[in-house]
Number of protein chains: 2
Amino acid sequence: MARTSKKRGKPSEPDPAFVERLERAKAASVAQLLFKCARLLNEQALARLDQPPGAPRIRPAHTSVFPHLDLAGTRLTELARRLGISKQAVGQLVDELEQMQVLERVPDPSDGRAKLIRFAKHSGASLLDGLAHLGRFEDELGEEIGAQRMAALHDGLGALLAALEGRGPS
Amino acid sequence: MARTSKKRGKPSEPDPAFVERLERAKAASVAQLLFKCARLLNEQALARLDQPPGAPRIRPAHTSVFPHLDLAGTRLTELARRLGISKQAVGQLVDELEQMQVLERVPDPSDGRAKLIRFAKHSGASLLDGLAHLGRFEDELGEEIGAQRMAALHDGLGALLAALEGRGPS
DNA sequence: CGAGTTTGTCAAGCATGCTTGACTAAAATT
DNA sequence: AATTTTAGTCAAGCATGCTTGACAAACTCG
């Protein structure tokens with residue numbers, strides 16, 4: 001970092017309007033924080049599960065499914081609608097989670113075409129235990145940064161999400 | 001939702017411990033909010049630029065570079081270090097941004113090997129203007145959810161990021 | 001019953017955002 | 001001067017998380 005270099009005459013680059021635009025471009029601070037946090041949070045949360053390296057692992061995309069699952073079971077199409085992605089994409093996620101015995105598909109008694117997707121109530125589902133453990137992770141972080149801040153974060157994110165959903169997709 | 005199905009004797013599935021684990025697994029609320037917000041924010045922010053469909057576009061990964069750029073220019077290796085990714089990955093991002101005339105590479109006068117990466121002060125850089133416009137997007141969202149909440153969000157995310165960075169990579 | 005819709009699946013493909021490995025040229029170290 | 005380190009690049013590859021298209025079986029409606 002030995003910036004012993006030259007600055008002859010001019011003080012580098014004065015250009016004021018340029019610098020302003022530039023600072024603007026750099027200033028996506030909340031968005032940047034959001035990204036980094038999301039990335040790190042996912043990363044570390046999943047690292048906690050320390051799953052076998054070779055076998056199919058639970059990946060970030062999988063976790064997004066859980067909050068949309070009803071206890072009684074939810075249809076694939078409904079899941080796709082809630083997640084805002086294609087049925088096929090959900091199907092793949094469910095396939096993998098089923099293989100890991102985290103979820104299970106049962107035929108919908110009220111519709112022969114449909115299947116209900118729900119948590120497997122399989123006793124050996126240690127992965128599900130691991131997932132539950134992830135809730136703890138959040139609690140820990142809450143302790144670390146303070147419950148109040150965590151609550152504010154929850155509130156702010158909720159509002160932000162509402163604002164975002166309110167504009168984009170229309 | 002017409003749950004006309006069978007419930008003989010038992011009220012569905014009483015299994016209390018199971019349900020608790022399950023709710024835990026579903027309860028990654030802050031993390032889920034974080035993800036959705038990050039995704040939507042990126043999506044909508046970039047949609048604002050409405051760039052030509054055929055040509056190389058600015059993608060989410062690009063924007064993560066800007067906050068780490070010094071005005072005087074920053075070396076690729078330093079950028080890679082700050083971003084926590086490989087030099088090659090940064091190189092590719094810079095390549096693309098250079099092609100779009102958003103950034104430029106200039107030889108580092110103090111080191112013949114190195115190049116300084118900085119914003120192109122090219123007059124026709126309408127893309128940079130567009131990027132600056134993204135700052136406005138955040139401001140707008142701030143107005144929508146309230147400046148106070150936005151500040152709380154900023155604070156909370158900062159703390160969360162610090163907590164996350166403090167544990168993981170060690 | 002027959003037309004049309006809906007549910008889930010099979011298959012293939014693609015954009016993104018990285019990675020690792022090998023290499024050149026310039027600098028620093030000895 | 002010889003060796004080692006550092007800066008950047010070239011090339012290839014891969015995991016992730018989707019997509020679109022086509023389809024069979026089951027349901028709904030006329």
Side-chain angles (χ1 to χ4, degrees), chain A residues 1-2 4-5 35-36 38-40 42-43 46-47 51 53-65 73-99 103-118, chain B residues 2 4 35-36 38-40 42-43 45-47 51 53-65 68 73-99 103-118:
Chain A
M1 296 312 178
T4 55
S5 51
F35 287 146
K36 277 201 166 173
R39 180 177 159 187
L40 282 173
N42 234 339
E43 219 168 75
L46 290 177
Q51 311 173 75
R57 309 169 332 278
I58 293 193
R59 284 176 282 102
H62 292 130
T63 66
S64 62
V65 174
T74 308
R75 289 188 187 175
L76 190 110
T77 304
E78 174 64 14
L79 273 181
R81 196 193 56 74
R82 292 183 191 173
L83 285 163
I85 60 177
S86 67
K87 290 186 298 176
Q88 293 91 324
V90 177
Q92 190 175 306
L93 293 176
V94 173
D95 280 348
E96 293 163 355
L97 286 167
E98 196 175 22
Q99 221 178 310
L103 299 184
E104 63 182 1
R105 269 181 252 234
V106 295
D108 186 334
S110 72
D111 189 331
R113 300 166 299 179
K115 296 172 189 172
L116 293 175
I117 294 149
R118 65 184 189 193
Chain B
T4 53
F35 287 146
K36 278 201 166 172
R39 180 177 161 188
L40 281 173
N42 235 338
E43 218 168 75
L46 289 177
Q51 311 174 72
R57 310 171 330 280
I58 293 193
R59 283 175 283 101
H62 293 130
T63 66
S64 62
V65 174
H68 299 291
T74 308
R75 290 189 186 175
L76 191 116
T77 304
E78 173 63 14
L79 273 182
R81 196 193 57 74
R82 292 184 191 173
L83 284 162
I85 60 177
S86 67
K87 289 186 298 176
Q88 294 91 323
V90 177
Q92 190 175 305
L93 293 177
V94 173
D95 280 348
E96 293 163 356
L97 286 168
E98 197 175 21
Q99 220 178 309
L103 299 184
E104 63 183 1
R105 268 183 254 234
V106 296
D108 185 334
S110 72
D111 188 331
R113 299 166 299 179
K115 295 173 190 172
L116 293 175
I117 294 150
R118 64 183 190 193

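Every chain is numbered from 1, with letters handed out A, B, ... down the list of sequences.
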Open item on the list: Applying a 3.5 angstrom cut-off to the pairing atoms, does DNA chain C sit in any stems of at least three consecutive Watson-Crick or G-U pairs? List them by first number.
Closed with: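 Stems for DNA chain C, defined as runs of 3 or more consecutive pairs: C:1-30 with D:1-30.
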Under 4.0 angstrom, heavy atoms only, what part of the nucleic acid is [X] near: base, sugar-phosphate, or nothing?
X: B:A61; answer: sugar-phosphate
X: A:T77; answer: sugar-phosphate
X: A:G91; answer: nothing
X: A:D108; answer: nothing
X: B:A114; answer: sugar-phosphate

Nearest-Å distance for atom pair [atom1]/[atom2], residues [X] and [N]:
X: A:I85; N: C:dT9; atom1: CD1; atom2: P; answer: 14 Å
X: B:K87; N: C:dC23; atom1: NZ; atom2: P; answer: 15 Å
X: A:L116; N: C:dT7; atom1: CG; atom2: C1'; answer: 12 Å
X: A:R81; N: C:dT6; atom1: CZ; atom2: P; answer: 14 Å

Task: Minimum heavy-atom distance between A:S64 and A:L83, given as atom pair plus value - done: O-CD2, 3.3 Å
Open item on the list: If I compare all heavy atoms of A:K87 with all of A:T77, which pair ends up nearest, and what's the gap?
Closed with: CD-OG1, 3.7 Å
TODO: Using the heavy-atom set of chain A and a strict 4.0 Å cut-off, write down the first and last nucleotide of DNA chain D that makes it in, 5' to 3'.
DONE: D:dT16 to D:dC27
- [ ] Please figure out whether A:Q92 or A:R105 has its closest DNA chain C nucleotide nearer the 5' end.
- [x] A:R105
TODO: Identify, with sequence neighbours excluded, every residue that meets side-chain hydrogen bond (donor to acceptor under 3.5 Å, both in side chains) alongside B:D108.
DONE: B:R75, B:S110
Task: Which residue lies more 5' along DNA chain D, comparing A:R113 with A:Q88 via nearest heavy atoms - done: A:Q88
Task: All side-chain contact (heavy atoms from CB on, under 4.5 Å) counterparts of B:S86, not counting sequence neighbours - done: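 Scan of B:S86 (side-chain contact (heavy atoms from CB on, under 4.5 Å), adjacent residues dropped) gives B:Q88, B:A89.
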TODO: Apply side-chain contact (heavy atoms from CB on, under 4.5 Å) to A:E104 and list each qualifying residue two or more places apart in sequence or on a separate chain.
DONE: A:V106, A:R118, A:A120, A:K121
Please set out all donor-acceptor pairs under 3.5 angstrom arising from side-chain atoms of residues 90-97 of chain A, sequence neighbours excluded.
{"unit_1": "A:D95", "atom_1": "OD1", "unit_2": "A:R105", "atom_2": "NH2", "d": "2.2"}
{"unit_1": "A:E96", "atom_1": "OE1", "unit_2": "A:R59", "atom_2": "NH2", "d": "2.5"}
{"unit_1": "A:E96", "atom_1": "OE1", "unit_2": "A:H62", "atom_2": "NE2", "d": "2.6"}
{"unit_1": "A:E96", "atom_1": "OE2", "unit_2": "A:R59", "atom_2": "NH2", "d": "3.1"}

Open item on the list: Would you compute the distance between atom CD1 of A:I58 and atom OG1 of A:T63 and round it to the nearest 0.5 angstrom?
Closed with: 8.5 Å
Open item on the list: Quick one, B:H68 with B:T74, criterion side chain to side chain contact (heavy atoms under 4.5 Å, CB included). Give me CA distance, side-chain angles, the key distance, then yes/no.
Closed with: CA-CA 8 Å; B:H68 299 291; B:T74 308; over 6 Å; no
Open item on the list: With a cut-off of less than 4.0 Å, is there a side-chain N or O of A:K115 near OP1 or OP2 of C:dT9?
Closed with: yes
